[in-house]
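What follows is a single structure, written as structure tokens, with notes after it.
Keep in mind the model is a prediction, meaning the values are calculated, not measured. The figures here come from the full heavy-atom set of this structure, side chains too, leaving out hydrogens, waters and symmetry mates. In what follows, every chain begins at residue 1, and chains take the letters A, B, ... in the order their sequences are listed.
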Amino acid sequence: MRKNTLSRRAVLAAGLLIGGVMACGQASANDKTFVIGVAMPFQTNSWQKGFFASAKYAAEQLNASGKKVELKIVDAGGDAQTQIQQINNLTLQGVDFIIIEPLSDTALNGAVDNAVAAGIPVLATGTGGITNPKAIELQNDFKTLGDKYVKLITDRVGTKGTAIMIRGLAGNAAEQTIQDSYTRALAKYPDIKVVSTVYGDWNQSVAQQHVTTILPTLPPKVDIIFSQGEAAFGAAQAFLAAGREVPMQVYGFSGTDVNLLIKLNEKSGYDSVAMNTDPGVGGMAVNVAVAKLSGEPVPMTMEAPVPVLSVAQLKADHGNLADSDILWLKYSYDWTLKNIIGKK
Amino acid sequence: MTRKAQFAVGSVTLMSTNVGVKIWRNLLRKSWAGALAGVVLLWVIAGLVTGELSWSFLIANATIAGLFALAGTAQMAVLASGSGNIDLSLPYVVTFSAYVMSAGVLGQDNVAGSVLLSVLVGALTGAVNVALIVRLRIPAIVATLASGYILYSLTVSIQNWPSKPVGGMFEAMLRARFAGLTGVLIVAALILAVVGVLLSRTVFGLQFHAMGQNAEVARLAGVRRGWVLLGTFVLAGVLEALLGVLLATYQGGVSADLGRAYLLGSVAAVVIGGTRPTGGVTSVFGTAVGALVLTLAQSDLILLNFGIGTQYVIQGLIVLSTVCLVAARSPDRR
């Protein structure tokens with residue numbers, strides 16, 4: 001008897017809930033509260049934490065300026081199948097916009113088709129692009145990255161010297177793209193000799209191991225370290241542990257990198273820069289979503305900048321970054337409109 | 001018998017050759033003989049490539065190998081404790097204790113306290129593993145994976161705490177050089193020596209080997225298997241925690257994927273070192289040499305400018321051929 005009442009109540013409650021949700025959906029359309037689904041791949045590394053923080057920051061700023069934005073953040077735990085389901089769920093829930101950090105460049109195409117067919121624009125950013133042309137792309141330009149990167153180094157040590165190369169994760173498509181752009185850029189500097197190439201697996205610890213073991217076989221003076229993400233700190237530590245000077249290299253945005261660069265600079269005047277794909281692209285993507293939903297003409301492909309910060313800037317703005325944190329930049333809505341969406 | 005007698009009455013020169021042969025035979029009979037030969041070969045190859053037989057190259061590789069040997073020895077103990085046992089929680093214990101060190105869970109400068117806490121967590125993980133395996137009869141491969149995941153989520157939760165390099169005296173000591181050797185290598189060697197004595201010269205060591213060779217016979221002989229298994233997993237957990245402590249301090253920074261490289265490396269070092277993966281025979285020295293073979297092979301392949309695909313293939317072949325050799329030499333071929 002009592003059970004029966006309970007279940008009746010449950011049905012009633014569920015009915016009310018569904019009705020409520022539907023009512024909310026209608027209300028939000030009228031009040032223009034933009035519900036933006038954010039499909040994150042995983043949240044376990046500092047870059048993703050920065051992305052998350054910057055997306056939330058952008059939403060807060062937009063809310064403060066009078067636009068109503070609500071984020072629905074989901075985390076696929078590193079699994080592309082889960083991400084497909086999450087995108088389908090967001091579509092069924094009737095969100096207004098979906099931002100995806102794709103775990104696969106092809107597997108999500110169907111889910112994206114569903115969303116776009118339901119009238120929900122989809123934007124891919126962060127971990128990479130997808131091959132479905134219906135998705136808006138906000139990506140780093142890896143093709144010109146190499147030129148910029150190599151120039152930062154040659155501006156400091158000249159166009160001659162001995163270098164070691166630390167690549168990323170073997171077999172990864174993005175790794176190959178970045179490496180190709182380095183190779184093209186380096187072709188212009190025949191006097192820079194890469195004497196050894198190791199794979200750091202995009203893992204500080206692995207990069208440090210490999211550099212440590214080959215270090216005694218390298219010439220006494222190594223001028224340059226070229227590296228992909230997560231390697232600069234480990235490589236520098238390998239040189240420091242062996243009692244050698246740290247060669248010129250470009251650092252990343254992680255707390256370990258930034259703090260080491262500041263420390264080296266204070267100790268000996270060592271001068272370099274930090275350059276990274278910016279986790280702040282999360283906030284930028286939220287701004288783009290709101291622009292699109294507000295009726296601004298948003299192009300299908302946009303380019304996210306790869307910021308470069310000098311030691312002076314790092315000291316001034318990011319001097320108290322914890323080792324476990326990552327630096328990300330803040331982009332306002334108006335800045336995004338002008339520099340990302342309006343850029344031709 | 002007769003042959004021995006003939007030698008005995010032979011000339012002095014014959015006697016001495018005989019002794020020499022005996023030493024060589026003993027050496028060759030050791031499970032780690034092949035690995036040691038591998039080390040020499042790989043060192044010479046590196047020497048040929050670079051044009052000099054560099055002592056510092058060997059020490060640099062030994063320094064990294066010392067760290068791998070800690071992971072290898074932990075895995076060796078678990079592998080040898082009985083067929084089917086493996087510790088998949090290894091990378092997570094390593095990473096977690098590294099975070100305990102550098103996130104200053106007990107305050108940033110409390111090095112001794114942090115080391116103690118790390119070791120405690122390692123021991124506790126080992127104990128939980130054994131509880132799952134013995135009490136709930138969950139296979140080790142599942143139990144250790146489960147406890148590893150729990151530890152991983154703990155790592156993720158303390159990952160947000162502001163961390164900084166351990167630094168100070170401890171880091172200086174690990175990076176210092178004593179008679180050409182690095183501090184971290186000496187510390188790793190001392191830890192391994194203690195484990196070596198524990199496994200070969202104590203009652204626990206005897207019971208541990210008896211259990212690995214034949215669990216049922218060991219039980220009939222009065223070995224309390226649950227307790228020996230507890231000792232084994234706690235030992236492994238403590239070694240993994242110490243590895244995390246050393247890594248966090250020596251490397252100067254931590255990341256969530258710190259321990260990842262050590263899981264496969266640990267198994268490979270054990271196998272190359274001549275330990276039979278089916279249990280019962282162990283050698284801490286062999287595992288250490290196995291780890292050195294792995295790091296030297298990696299360095300040689302980099303020096304020879306092999307493509308990354310070739311590097312993986314050759315590394316795989318090294319492990320595979322050692323397993324074949326060990327299997328061919330073991331008496332109980334199936």
Among [options], which residue forms the greatest number of heavy-atom pairs with chain B at distances under 4.5 Å?
options	answer
A:Val195, A:Thr212, A:Thr256	A:Thr212
A:Gly234, A:Ala238, A:Pro216, A:Gly255	A:Pro216
A:Ile214, A:Asn203, A:Val198	A:Asn203

Heavy-atom distances under 4.5 Å only: say whether [X] touches chain A with side chain, backbone, both or neither.
X	value
B:Tyr312	side chain
B:Tyr262	side chain
B:Val254	backbone
B:Ile64	side chain
B:Thr50	side chain

Worksheet item: Taking B:Leu303, B:Asn61, B:Asp300, B:Leu296 one by one, which has the highest count of heavy-atom pairs under 4.5 Å against chain A?
Response: B:Asn61

Discussion item. Which one wins on heavy-atom pair count under 4.5 Å against chain A: B:Gly252, B:Gly309, B:Ala261, B:Gly51?
Written reply: B:Gly252

Is there a side-chain contact between [X] and [Y], using heavy atoms and a 4.5 Å cut-off?
X	Y	value
A:Gln208	B:Gln251	yes
A:Gln209	B:Phe68	yes
B:Arg260	A:Asp201	yes

Worksheet item: Among residues 148-158 of chain B, which residues come closer than 4.5 Å to chain A, judged by heavy atom distances?
Response: B:Tyr152, B:Val156

Worksheet entry | Under 4.5 Å from a heavy atom of chain B, the part of A:Thr197 involved | backbone

Discussion item. What part of A:Leu321 gets within 4.5 angstrom of chain B, counting heavy atoms only: side chain, backbone, both, or neither?
Written reply: neither

Practice prompt. For the residue pair B:Gln298 and A:Thr213, confirm or rule out a side-chain donor-acceptor distance under 3.5 Å.
Written response: no

Spacing of [atom1] belonging to [X] relative to [atom2] belonging to [Y], to within rounding of 0.5 Å:
X	Y	atom1	atom2	result
B:Asp257	A:Ser205	CG	OG	8.0 Å
B:Ser255	A:Asp323	OG	CG	11.0 Å
B:Thr63	A:Leu215	OG1	CG	11.0 Å

Discussion item. Quick check on A:Lys56: does its NZ atom have over 12 non-hydrogen neighbours (other residues, nucleotides or ligands) under 6.0 Å away?
Written reply: no

Discussion item. Please check if the number of heavy atoms outside A:Gln313 that lie under 6.0 Å from its CD is greater than 12.
Written reply: yes

Discussion item. Can you give me the closest heavy-atom contact between B:Arg175 and A:Leu240, atom names plus distance?
Written reply: NH1-CB, 3.8 Å

Practice prompt. Heavy atoms only: give me the nearest A:Ala241-B:Tyr250 pair and the separation to one decimal.
Written response: CB-OH, 3.8 Å

